[in-house]
Amino acid sequence: MEIYLTRIIDYLLNVLHSTFNQLFISFGSLLVLFILLNFSATLSARLSVRFLGRNLFLYGFGWLGCTVHELSHAFFAVIFGHKITEIELFKPNNNGESLGHVTHSYNKKSIYQKIGNFFIGISPLIAAGIVLFLGTLFIYGFNVTERTSFRISTEVFTDFSVVKQIGLNVWSSLISYVSLVFFGSLAVWWKTTLLIYILYSTGSSMTLSKSDLGGALYGFLWLVVFLLIFNLITLWIGDFATSFLRRNIQYISGFYFLLMLFLAANILVVILLFVLNVMKNLFIQK
């Protein structure tokens, strides 16, 4: 009896371990990047409005990021079977609290549709990565995910040297990308201008509203429940879900590298706009 109890406990621990690995590989970096991107995008938008004025910023740059933002919500709502009742891709109101919205409903008895709330909520981040991927591919003709040495690894919890190596890989990949598209053989003024426009316009809109966050958290909890049940039922056959993710770690890591590019761009924009606003204030005072 004790042997069977031990086996059951070991199996349940393996289920928890596999579920954690799957969540970490798929979404571990997303939490950190979301916090940093949300903060930097909010600062970028505020400083932009202060320097350029609300209308110039919104109609010159913000329209693109807002449209991508709302289209991503609508796209994933359709994918997960939600019913879209209203959509406004870009319609700023007078008080500046809303630039667009997607209203949708779903069957609360469907686990699939409840899990969909997570992907609908975080969809602006996914869409931004896709926009930069396609932008780089069509403007410069290369696949970003194939040029980064950054790889997600669960070993960061057991080996500090892995953390250091990941940091170095991220830095070297960022430098390599910047050197290639801005200063290398592929650098052409109109390509550089277009890429900067995409990074700035889309990057400043990478924020999630309270409703986005609420829906994403609710959907994530259901995703965790689904993975736990899935692993509980299938792990005795083999941990093929984790194996599948590990085989595709290059693409998952490549996607997160795209978000890191947005983060780096947002930070540079915030610094530049802060300096320009200080200079503007000094000039006005004189």
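Computed from a prediction, not measured in an experiment: that's the story for all the values here. Residue indices begin at 1 and follow the sequence shown.
Interatomic distance, His104 NE2 to Asn117 CG, rounded to the nearest 0.5 Å: 6.0 Å. Rounding to the nearest 0.5 Å places OG1 of Thr136 at 9.5 Å from CG of Asn143. Remark: Leu37 CG to Ser205 OG distance equals 12.0 Å, nearest 0.5 Å.
Leu33 places a side-chain heavy atom less than 4.5 Å from the side chain of Met260. By the 4.5 Å heavy-atom criterion applied to side chains, Ile126 and Ser72 are not counted as neighbours. Annotation: side chain of Leu36 is not in contact with side chain of Ile267 (no heavy-atom distance under 4.5 Å). For the pair Leu221/Val225, no side-chain contact is recorded, criterion being any heavy-atom separation below 4.5 Å from C-beta on. Residues Phe34 and Ile122 have side chains not in contact (no heavy-atom distance under 4.5 Å, counting atoms from C-beta outward). The closest side-chain heavy-atom distance from Met206 to Pro124 is not below 4.5 Å. Using a 4.5 Å cut-off on side-chain heavy atoms (C-beta onward), His69 and Asp212 make contact. Taking 4.5 Å as the limit, some side-chain heavy atom of Asn21 sits within range of a side-chain heavy atom of Arg246.
At distances below 3.5 Å, at least one donor-acceptor pair connects side-chain atoms of Tyr11 with backbone N or O atoms of Leu232. Formation of a donor-acceptor pair under 3.5 Å by the Asn281 side chain with backbone atoms of Asn277 is found in this model. A donor-acceptor contact shorter than 3.5 Å is absent between the side chain of Ser44 and the backbone of Ala41. Although no hydrogens or angles enter the test, the distance criterion places a donor-acceptor pair under 3.5 Å between the side chain of Thr193 and the main chain of Trp189.
Residue Phe142 qualifies as enclosed at atom CZ: its count of foreign heavy atoms under 6.0 Å is above 12. At most 12 non-hydrogen atoms from other residues, nucleotides or ligands lie less than 6.0 angstrom from OH of Tyr251. Counting heavy-atom neighbours within 6.0 Å of Phe27 CZ, excluding the residue itself, gives a total above 12. No more than 12 heavy atoms of other residues, nucleotides or ligands sit less than 6.0 Å from atom CZ of Arg46. Under a cut-off of 6.0 angstrom, the local environment of OH in Tyr112 is crowded, with over 12 non-hydrogen atoms contributed by other residues, nucleotides or ligands.
Scanning for side chain to side chain donor-acceptor pair (under 3.5 Å) contacts around Tyr140 gives an empty result, with sequence neighbours left out.
Annotation: cation-pi pair Lys108/Tyr106 present, NZ/CZ under 6.0 Å from the ring centroid and within 45° of its normal.
Relative orientation of the Phe119 and Phe76 rings is parallel, given thresholds of 30° and 60° on the angle between their planes. Relative ring orientation between Phe240 and Phe230 is described as perpendicular, the plane-to-plane angle rising above 60° on a 0-90° scale split at 30° and 60°. Note on ring orientation: taking the six-membered ring where Trp is involved, the planes of Tyr200 and Phe57 are tilted (angle from 30° to 60°). Ring geometry, Tyr177 versus Phe257: the interplanar angle exceeds 60°, so the pair is classed perpendicular (tilted spans 30 to 60°). Taking the six-membered ring for Trp and thresholds of 30 and 60 degrees, Phe24 and Phe20 have nearly parallel ring planes, at less than 30 degrees apart.
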I'd like to know whether His82 forms a side chain to side chain contact (heavy atoms under 4.5 Å, CB included) with Gln113, so could you lay out the CA-CA distance, the side-chain angles of the two residues, the decisive distance to 0.1 Å, and finally the verdict.
CA-CA 7 Å; His82 288 219; Gln113 292 189 20; 3.8 Å; yes
After noting the C-alpha distance and the side-chain angles of Ile139 and Ile198, does the key distance pass the side chain to side chain contact (heavy atoms under 4.5 Å, CB included) rule?
CA-CA 11 Å; Ile139 297 172; Ile198 292 172; 4.1 Å; yes
Would you sort out whether Leu268 and Leu272 count as a side chain to side chain contact (heavy atoms under 4.5 Å, CB included), showing the intermediate values?
CA-CA 6 Å; Leu268 290 175; Leu272 177 61; over 6 Å; no
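Other cluster members for Val102: Leu71, Val78, Ile84, Ile87, Leu89, joined by side-chain heavy-atom distances under 4.5 Å among Ile, Leu, Val, Met, Phe, Trp and Tyr. Other cluster members for Val275: Met279, joined by side-chain heavy-atom distances under 4.5 Å among Ile, Leu, Val, Met, Phe, Trp and Tyr.
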